[in-house]
Amino acid sequence: MIGLTAEGSPLRDASEVGDYARRCFRSTGDDRVGVELEFLVFDRRSATRHVPMDRVERALPPLPGGSRVTFEPGGQLELSGPAGSLTSAIAGLTADVAAARQALARDGMVLAGVGLDPMRPAVRQLQQPRYDAMAEFLGRPYGALMMCCTASIQVNLDLGEQPRTRWERAHLLGPVLTAAFANSPLSRGRPCGWMSGRQAVWEHLDPTRTAPVPASADPADDWARYLLDARVMLVREGEERCRTVRDGSTFRDWLGSRERPPTAEDLAYHATTVFPPVRPRGWLEIRFLDAQRPADWPVCVAVTHALISDDRAADAALAAVESCLGPRWRRRAGPERATWAAAARRGLSDPRLARAADACFRAAIEALPRLGATPALIGEVAAFADRYVTTGRSPAADLMDLVREPGRRLPAWLTEEGRG
């Protein structure tokens with residue numbers, strides 16, 4: 001993935017924001033896949049106990065696939081694998097997930113692939129200036145929940161030869177993929193009313209930085225406007241301090257400031273504080289997917305990659321989505337924010353979304369051999385489709401079944417997850 005260098009000179013006007021946005025859509029012609037997996041970590045003996053990050057760090061061995069190990073503010077473990085082909089990206093990260101699970105299990109810990117902590121309240125473990133300012137800006141309860149209780153799969157895809165096309169596909173198919181992989185229906189041991197409670201948390205945060213990027217004719221122009229109109233979260237003051245911005249001012253307002261106009265470096269940092277479902281950074285960050293069980297995350301990656309990167313699969317999926325969801329599905333502007341929310345709330349219990357998802361999975365399965373997927377991976381995608389998609393179930397339905405089953409408790413599920 002290519003990087004974006006930021007210079008320290010003050011920005012003169014909004015045209016320089018446009019220049020930055022165009023660099024975010026610069027195509028390299030590559031077709032690599034990068035994956036970042038987040039997991040909640042539980043203590044096998046007490047599912048309500050928060051596991052200290054240093055305990056997890058001490059237990060982790062060197063990872064054979066070369067994944068980078070980081071932590072989210074609440075202690076969620078993140079494994080970021082090297083970008084490569086679909087096969088190599090999944091193989092390396094699969095080895096690392098297996099090594100991490102085995103090592104943590106020996107110390108009585110469990111990696112749980114679920115999008116929202118089903119048991120514990122928000123407790124922040126990382127005390128860094130950025131996170132201090134973010135917590136103050138976003139507030140409680142949803143800011144704390146997002147930072148400390150959520151976990152996702154982020155799929156990073158190169159822009160290919162036609163960046164605009166992949167950008168549009170990611171948005172048009174995003175709600176269907178959100179519903180198909182919804183996996184966070186519980187909070188504090190009870191149903192939260194959403195199949196993707198993680199997306200519900202994002203829905204309640206500052207919409208200037210979490211709503212989908214509005215679409216027009218030029219994605220770079222759309223991204224530039226989004227960055228300009230997003231509220232400024234924080235201003236860095238030296239290496240050790242971040243000042244929270246509380247007055248509601250946007251980056252456009254800051255750009256017009258005479259006192260201390262923003263620099264190109266400030267703009268690049270501002271872009272890391274906005275979190276739309278799809279974010280361009282010289283590649284596409286697909287950010288709307290709930291964390292999945294350790295056995296299922298490769299399915300999520302494979303299907304997302306196939307539907308966005310393979311032309312035939314994308315055409316078939318888009319035709320099915322339009323047929324199933326009707327004329328309100330606006331191809332040119334992309335799905336409205338309410339459409340994303342409805343998909344997260346209902347998952348595949350919505351029959352229209354279920355039909356669209358079924359067609360999307362069939363298109364992805366047909367495309368995967370063209371993308372070099374192994375027979376084993378194709379079989380995993382087909383098995384996931386049989387288990388969930390064709391029956392109109394999101395993975396969240398499994399957790400909902402557990403809370404409805406007499407005598408069954410979530411800690412038992414966590415124990416089984418650690419052994420599975």
Side-chain angles (χ1 to χ4, degrees), residues 38-51 72-77 109-125 135 138-153 175 178-205 210 288-294 296-297 300 338 340-350 353-354 387-388 391-420:
E38 294 173 352
F39 293 100
L40 302 173
V41 183
F42 285 86
D43 187 314
R44 189 186 298 279
R45 293 159 296 191
S46 173
T48 59
R49 180 185 303 168
H50 288 85
V51 179
E72 292 298 304
Q76 307 97 309
L77 174 65
M109 290 178 281
V110 177
L111 278 186
V114 61
L116 179 66
D117 196 313
M119 299 292 295
R120 302 171 298 192
V123 172
R124 186 153 64 96
Q125 297 196 45
L138 296 175
R140 286 183 171 272
Y142 294 105
L145 284 171
M146 183 276 283
M147 295 174 68
C148 302
C149 294
T150 61
S152 69
I153 294 176
T178 295
F181 293 105
N183 189 35
S184 49
L186 305 176
S187 180
R188 304 300 294 272
R190 298 184 299 273
C192 66
W194 295 61
M195 289 291 98
S196 176
R198 173 182 166 274
Q199 285 297 110
V201 170
W202 286 103
E203 184 72 14
H204 285 87
L205 297 176
T210 61
F288 50 75
L289 300 162
D290 280 357
Q292 302 293 306
R293 296 189 313 127
D296 288 339
W297 69 261
C300 190
W340 291 81
R345 185 185 294 275
R346 298 195 61 188
L348 296 188
S349 66
D350 182 324
L353 284 168
R387 187 165 70 248
Y388 294 116
T391 60
R393 287 170 64 88
S394 305
D398 290 349
L399 278 172
M400 293 294 289
D401 289 346
L402 285 180
V403 297
R404 296 187 186 110
E405 187 176 332
R408 190 71 178 271
R409 298 184 304 146
L410 282 175
W413 171 78
L414 293 170
T415 299
E416 292 163 9
E417 179 72 9
R419 292 174 179 169

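In this text the structure is predicted, and so the values were computed from the model without any measurement.
Among all heavy-atom pairs drawn from A396 and S184, the shortest one is CB-N, 4.1 Å. Nearest approach of L186 to L116, heavy atoms of both residues: O-CD2, 3.6 Å. Nearest heavy atoms, A151 versus V114: CB-O, 3.5 Å. What you find for G392 and A354 is that their closest heavy atoms are CA-CB, 4.2 Å. Across every non-hydrogen atom of P175 and A343, the tightest pair is O-CB, 3.2 Å. In this structure, W194 and A200 approach most closely via the heavy-atom pair CD2-CB, 3.3 Å.
In this structure a side-chain-to-backbone donor-acceptor pair under 3.5 Å is present from Q292 to F181. A distance-only check finds a donor-acceptor pair linking the side chain of Q125 to the backbone of V51 [under 3.5 Å]. With hydrogens and angles disregarded, a donor-acceptor distance shorter than 3.5 Å links the side chain of N183 to the backbone of A291.
The shortest distance between side-chain heavy atoms of S152 and L289 does not fall below 4.5 Å. In this structure, P118 and L40 have side chains that are in contact, with non-hydrogen atoms separated by less than 4.5 Å. You'll find the side chain of R393 reaches within 4.5 Å of the side chain of D401, heavy atoms only. Taking 4.5 Å as the limit, some side-chain heavy atom of R120 sits within range of a side-chain heavy atom of F42. Side-chain contact between F288 and S196: absent, with no pair of heavy atoms (C-beta onward) separated by less than 4.5 Å. Contact of the T178 side chain with the W340 side chain is registered, since non-hydrogen atoms from C-beta on lie closer than 4.5 Å.
Taking the charged nitrogens against the carboxylate oxygens, D350 and R345 have no contact shorter than 4.0 Å, which rules out a salt bridge.
The side-chain contact (heavy atoms from CB on, under 4.5 Å) test with V41 is passed by exactly one of H50, M109, Q76: M109. A side-chain contact (heavy atoms from CB on, under 4.5 Å) with D290 is found for exactly one of M195, E38, R198, namely R198.
Here the CG atom belonging to L145 is positioned 9.5 Å from the CG atom belonging to D117, to the nearest 0.5 angstrom. For the atom pair CG (L353) and CZ (R346), the distance works out to 8.0 Å, reported to the nearest 0.5 Å. Rounding to the nearest 0.5 angstrom, the gap separating the CG atom in L138 from the CE atom in M146 is 5.0 Å. Between atom SG of residue C149 and atom CZ of residue R188 there is a gap of 8.5 Å, rounded to the nearest 0.5 Å.
Between Y142 and H204, the ring planes lie parallel to each other; the angle is under 30°, not in the 30° to 60° tilted range.
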